[in-house]
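For reference, the structure is listed below as structure tokens.
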Amino acid sequence: MSGTGDLRSFPEQFTWGTATAAHQIEGGNTNNDWWAFEHAPGSVCREPSGDCCDSWDRWAEDADLVAGLGLDNYRFSVEWSRIEPEDGEFSRAALDHYRRQCAGLRQRGVDPVVTLHHFTTPLWLSRMGGWESDTAVERFARFCTVVSEALGDVMSSVCTMNEPNIVATMGWLAGLFPPGKSDVELSRQVAERLTRAHRVAVDAVRGTAPGIPVGLTLSMTDYQPVPGGEERLESIRHHSEDVFLDAIEGDDFLGVQVYTRMLIGPDGWVGNEPGVPVLDMGYEFYPASLGNCLRRAWDYTDGAIPLSVTENGIGTLDDDQRIDYVHQALVGVLDAIDDGVDVRGYTYWSLLDNFEWALGYKPHFGIVAVDRETFARTPKPSAAWLAEIAAANALPS
Ligand code: GCO
């Protein structure tokens with residue numbers, strides 16, 4: 001697979017993209033559980049999302065940026081609380097908005113990769129118990145059907161749920177996402193319910209928009225044991241990853257999303273290794289995590305499902321560090337491909353500096369900077385760098 005000389009090539013059909021999510025960039029998403037969580041008294045959030053990058057209005061500018069970089073696709077999410085502002089009440093205008101966005105991307109030669117659920121839940125549903133209730137699974141299926149009917153002819157592929165494992169862990173264990181709980185049993189029940197939500201979403205998309213590739217995106221961590229940590233590692237990984245990998249049989253792809261590694265001892269995470277740079281996210285700079293997790297996903301699923309990197313990136317103010325990170329991560333991807341792992345594409349998180357959930361606007365993941373007052377977008381050197389790699393479909397060695 002890899003070329004000779006100064007360049008190592010990716011497979012011919014390999015695709016390049018960048019990603020965002022509605023609540024992190026659109027602004028004014030006042031009707032979901034996250035907005036409420038951000039504004040709750042004593043909120044753990046650093047700041048509210050507010051106007052974000054104003055991408056609800058500026059989606060065309062964003063599309064121009066992606067097209068200008070020559071990337072193959074743009075992964076973004078549709079906001080459930082805009083499309084279904086009250087139980088069973090669907091907004092034609094919101095669906096039309098996303099239709100225009102998908103069509104506008106296509107006109108620019110960019111494939112729209114649509115995520116149906118990226119962390120946020122409409123307020124009316126969270127008041128009904130949210131993911132603690134089976135009602136959510138049923139309502140999500142209905143929502144997915146409505147979206148697939150409306151966008152079926154303009155979407156290129158569909159991610160059902162973004163990182164359901166993070167939703168369950170951060171919302172019901174760490175308490176850093178809504179509903180801010182800390183209950184092991186409940187988080188496991190929610191995780192199981194989210195696997196069912198994924199399955200009904202796949203059925204809804206396939207039933208309504210047949211032929212569009214559909215899959216799950218999963219957050220994976222390069223868990224590594226320190227002496228005595230093996231058993232604990234297995235248990236952590238089972239609950240946070242394997243229960244979801246067990247639920248993707250028959251899917252068209254698995255979206256792998258990786259940022260770092262975690263060292264696990266007998267009592268859990270032992271903290272960052274001294275000497276390894278720590279990022280604004282609080283975890284290690286560890287680009288090799290991507291290749292390691294791709295191999296793990298491939299081995300665990302017996303190579304039954306093609307993989308795609310639907311997120312990988314780094315929150316940093318140092319754009320050289322970003323380039324270094326992505327370069328090293330891509331070496332890991334190439335090495336994995338050389339060893340037979342079927343990786344179909346790479347998506348950088350994120351196009352824009354945006355709302356990083358409880359951490360607000362502090363971490364800077366974008367290859368494009370966004371002025372917080374004027375919303376002016378300024379591509380960073382890493383954007384041009386990524387564009388070059390994508391154009392060559394190869395990495396300088
Ligand atoms: C996630 C989400 C993104 C994050 C990104 C950086 O993986 O948590 O998909 O919303 O912003 O991962 O932390």
Side-chain angles (χ1 to χ4, degrees), residues 17-27 29 32-35 37-38 44-47 49 52-53 55 62 74-80 113-121 158-174 176-178 191 194 198 215-222 240-241 244 254-262 278-287 289-290 293 297 308-317 321-322 325-326 329 346-368 370 382:
T18 184
T20 59
H23 193 71
Q24 297 181 269
I25 63 161
E26 284 181 352
N29 278 333
N32 66 35
D33 58 342
W34 257 96
W35 186 274
F37 190 66
E38 292 156 26
V44 294
C45 296
R46 192 170 172 267
E47 59 199 319
S49 53
C52 292
C53 306
S55 288
D62 298 343
Y74 178 50
R75 174 174 174 247
F76 64 97
S77 73
V78 292
E79 173 60 31
W80 188 354
V113 176
V114 174
T115 304
L116 295 169
H117 184 275
H118 197 124
F119 293 172
T120 56
T121 299
V158 174
C159 305
T160 56
M161 311 208 84
N162 181 72
E163 304 187 345
N165 51 344
I166 294 294
V167 174
T169 312
M170 297 293 270
W172 280 268
L173 203 57
L176 295 173
F177 278 22
L194 291 172
H198 165 64
L216 181 76
T217 69
L218 191 66
S219 170
M220 296 189 73
T221 300
D222 185 5
S240 63
E241 295 180 2
F244 294 93
L254 169 67
V256 173
Q257 315 200 149
V258 184
Y259 291 88
T260 194
R261 79 164 171 177
M262 278 175 118
V278 176
L279 302 169
D280 279 343
M281 295 296 288
Y283 50 61
E284 292 176 354
F285 174 95
Y286 201 79
S289 55
L290 179 57
C293 289
S308 184
V309 179
T310 40
E311 276 183 32
N312 173 249
I314 174 175
T316 181
L317 282 169
Q321 188 185 36
R322 183 180 336 277
Y325 179 90
V326 178
Y346 178 85
T347 312
Y348 179 77
W349 180 273
S350 176
L351 173 67
L352 305 172
D353 283 341
N354 60 41
F355 179 69
E356 181 55 31
W357 309 107
L359 295 178
Y361 292 96
K362 186 160 188 262
H364 291 69
F365 277 91
I367 47 176
V368 174
V370 179
S382 54

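Computed from a predicted model, the values in this text were never measured in an experiment. Indexing begins at 1, ligand by ligand and atom by atom, following the structure's order.
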* Asked: Between Phe177 and Trp34, is the ring centre distance below 6.0 Å?
  -> yes

* Asked: N/O of Glu163 under 3.5 Å from N/O of ligand 1, yes or no?
  -> yes

* Look up atom CG in Asp222 and atom CE in Met220, then write down how far apart they are to the nearest 0.5 Å. => 9.0 Å

* To do: Could you tell me whether a side-chain N or O of Glu47 sits under 3.5 Å from a main-chain N or O of Tyr361, the two making a donor and an acceptor?
  => yes

* Polar proximity ligand 1 side, Asn162 side, N/O cut 3.5 Å exclusive -> yes

* Asked: Among Gln257, Met281, His118, which residue places a heavy atom closest to atom 2 (C) of ligand 1?
  -> His118

* To do: Check Thr217 against ligand 1 and report side chain, backbone, both or neither, counting heavy atoms closer than 4.0 Å.
  => neither

* **atom 9 (O) of ligand 1: nearest protein contact (heavy atom, Å)** => Glu311 OE2, 2.5 Å

* Asked: Looking at side-chain heavy atoms only, is the closest gap between Thr20 and Glu26 below 4.5 Å?
  -> no

* Within-4.5 Å side-chain heavy-atom neighbours: Trp357 and Cys45 -> no

* Heavy-atom proximity to atom 5 (C) of ligand 1, best of Phe177, Phe355, Tyr259, Trp357 -> Tyr259

* Structure fact -> The protein heavy atom nearest to atom 13 (O) of ligand 1 is Glu356 OE2, 2.7 Å

* Structure fact -> d(Leu116 CG, Met161 CE) to nearest 0.5 Å is 9.0 Å

* Structure fact -> For Trp349, the ligand 1 atoms with a heavy-atom partner under 4.0 Å come out as 3 (C), 4 (C), 5 (C), 6 (C), 10 (O), 11 (O)

* **Residue and atom name of the nearest protein heavy atom (relative to atom 10 (O) of ligand 1), distance in Å to one decimal** => Gln24 OE1, 2.6 Å

* Does the side chain of Asn29 reach to within under 4.5 Å of the side chain of Ser49, using non-hydrogen atoms? -> no

